[in-house]
Protein chains: 2
Amino acid sequence: MFEQFRNKFPLDDSKWNEYTSYFKRLEVPAKTILLEEGEISKRLFIIEKGCIRVWFNNNGKDLTTQFFFENQNVASIESFVKKLPSPVFIETIEPAVLWWIHKSDIDIILEEIKEIPELRDQFIDKIFQRTFDYIRHFVSFIKDSPVQRYLNLIEENPQIVQRVPQHYIASYLGISTVHLSRIKSKLLQRK
Amino acid sequence: MFEQFRNKFPLDDSKWNEYTSYFKRLEVPAKTILLEEGEISKRLFIIEKGCIRVWFNNNGKDLTTQFFFENQNVASIESFVKKLPSPVFIETIEPAVLWWIHKSDIDIILEEIKEIPELRDQFIDKIFQRTFDYIRHFVSFIKDSPVQRYLNLIEENPQIVQRVPQHYIASYLGISTVHLSRIKSKLLQRK
DNA sequence: TTCATTTAATAACAAATGTTATCGTCTGCC
DNA sequence: GGCAGACGATAACATTTGTTATTAAATGAA
């Protein structure tokens, strides 16, 4: 699982082995809740196989805010970083193989990593990049119509359209399931 | 201008004086464009007095994405960090007194600061916090109705409602000027 | 002050989107 | 194989929101 990342980290083998040994493997069925709303996020997950959504309950309806797939890492980020109750659920969509690491272990790794300029800068870049991604996502919400957002999704994130049930996608796009269904059928007519 | 921040930075006076000397004062009228769309953002602004908006042109209509007030700092963040053309304009709303620092000077300061654990962690916290703020803002967009978003704005950011022309606020809320006007009059009726 | 410009309110109408309900299909499980 | 539950399409209708046009008020510059 971790070999593919090996060359990204200028660490000697003993450190590398120590760090990877912190991760535990976890196999779960579809619709498994990995983090409850209100719980403090203490585990960071890396997805070996499967797909995960982040969502929250809004007046009885669930709103999905993010999807994650193979090789991505998932946590309720503010809860994880600041030890606050999570505003969201984290739940598998498909049966999944995951690796997770405890917050306290990550903290140990980070303290050490922050002393190595190259890795520290890599870490800072990652946080920045995450911010930029959120900004992009946000801007597309105020800029694009639902139809355009759906077309963007097909273009930029085909995995979501292919692997995720449609009603989750609808709430991710900020529209009702009925409306998404209408959008799809109108797009089909044009072809 | 900078004395108020002095105690936040564990630096000796010589470093402090060097760093603050990088900043230049700038006084501009209302509706001054500080950064053009397409331009690479090379200046970070700190607002001593006045108010600024960040916006972009979407099919002939301008969409405002952010407002900034006294003591906040402003740049087209991804453009500034990655030296890419800015997708947005930065423009004063009121006559303003600003202090700005060149990207190359910030880079010098950051390189030094990253070696001081306390300041480095402060910097990392700032980036995280910015991300969390974007997430919050984004979530309120998919979660709340325009009426609720307007009420939140009054509650959480009264400065915006008080100092910013209403048509900018409308686009910031993701609605038309007419709709915002309707919302206001309906809220007045209820009282 | 005066005039042009900007800003905000409102009405009338159009378009987009949500809601509820129904039906058919698919899927996983016993 | 059959059944319950999940999923998606569609229709009918309701509500929200946008568009365009008009008017009035506020603002700023000469």
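Excluded from the calculations below are hydrogen atoms, water molecules and symmetry mates; all remaining heavy atoms, backbone and side chain alike, are included. Reminder, nothing fancy here: chain letters follow the sequence lines and each chain counts from 1.
- Counting non-hydrogen atoms under 4.0 angstrom, Leu180(B) reaches nothing in the nucleic acid.
- Nearest to the side chain of Pro165(A), among dC7(D), dT7(C), dT19(D), sits dC7(D).
- Annotation: Trp55(B) is not in aromatic contact with Tyr168(B) [ring centroid separation under 6.0 Å not met].
- Here dA8(C) is the nucleotide among dG18(D), dG18(C), dA8(C) with the atom lying nearest to any side-chain atom of His167(B).
- Going from atom CG of Leu173(A) over to atom C1' of dG18(C) covers 15 Å, rounded to whole Å.
- No close placement of the Phe56(A) and Phe89(A) rings is indicated, their centers lying 6.0 Å or farther apart.
- For Ser185(B), whose side chain is taken as the heavy atoms from C-beta onward, the closest listed nucleotide among dT6(C), dG18(C), dT10(C) is dT10(C).
- Judged by the 6.0 Å distance and 45° axis criteria, Arg163(A) is not positioned over the aromatic ring of Phe69(A).
- Put simply, CD1 on Ile175(A) is 12 Å from P on dT19(C), counting in whole angstrom units.
- The side chain of Pro146(B) approaches dT17(D) more closely than any other nucleotide in the set dT17(D), dA9(D), dT10(C).
- Rounded to whole angstrom, the span from the CD1 atom of Ile142(A) across to the P atom of dG18(D) amounts to 13 Å.
- No hydrogens or angles were tested; on distance alone, nothing pairs the side chain of Arg182(A) with the base of dG8(D) as donor and acceptor under 3.5 Å.
- Dashed line: the shortest gap from a side-chain N or O of Lys184(B) to OP1 or OP2 of dT10(C) is not under 4.0 Å.
- Leu63(A) has its CG atom 14 Å from the C1' atom of dG18(C), to the nearest Å.
- OP1 or OP2 of dT19(D) has at least one side-chain nitrogen or oxygen of Lys61(B) nearer than 4.0 Å.
- Here dT27(D) presents its P atom at 16 Å from CD1 of Ile93(B), a figure rounded to the nearest Å.
- Remark: P of dA16(C) and CD1 of Ile183(A) are 11 Å apart, rounded to the nearest angstrom.
- Rounded to an integer number of Å, the gap from His179(A) NE2 to dT10(D) C1' is 15 Å.
- Checked against the 6.0 Å centroid criterion, the rings of His137(A) and Tyr134(B) do not qualify as a close aromatic pair.
- Toward the 5' end of DNA chain D, the nearer of the two residues Gln166(A) and Gly174(B), judged by each one's closest nucleotide, is Gln166(A).
- Projected onto DNA chain C by closest heavy-atom contact, Ser145(A) and Thr177(A) fall at different nucleotides, the more 5' of which corresponds to Ser145(A).
- The nearest whole Å value for the distance from the CD atom in Glu94(A) to the P atom in dA6(D) is 18 Å.
- Under the 6.0 Å cut-off for aromatic ring centres, Phe132(B) and Phe128(B) qualify, their centroids lying closer than that.
- In this structure, the nucleotide among dC7(D), dA11(C), dT20(C) sitting nearest to the side chain of Val178(B) is dA11(C).
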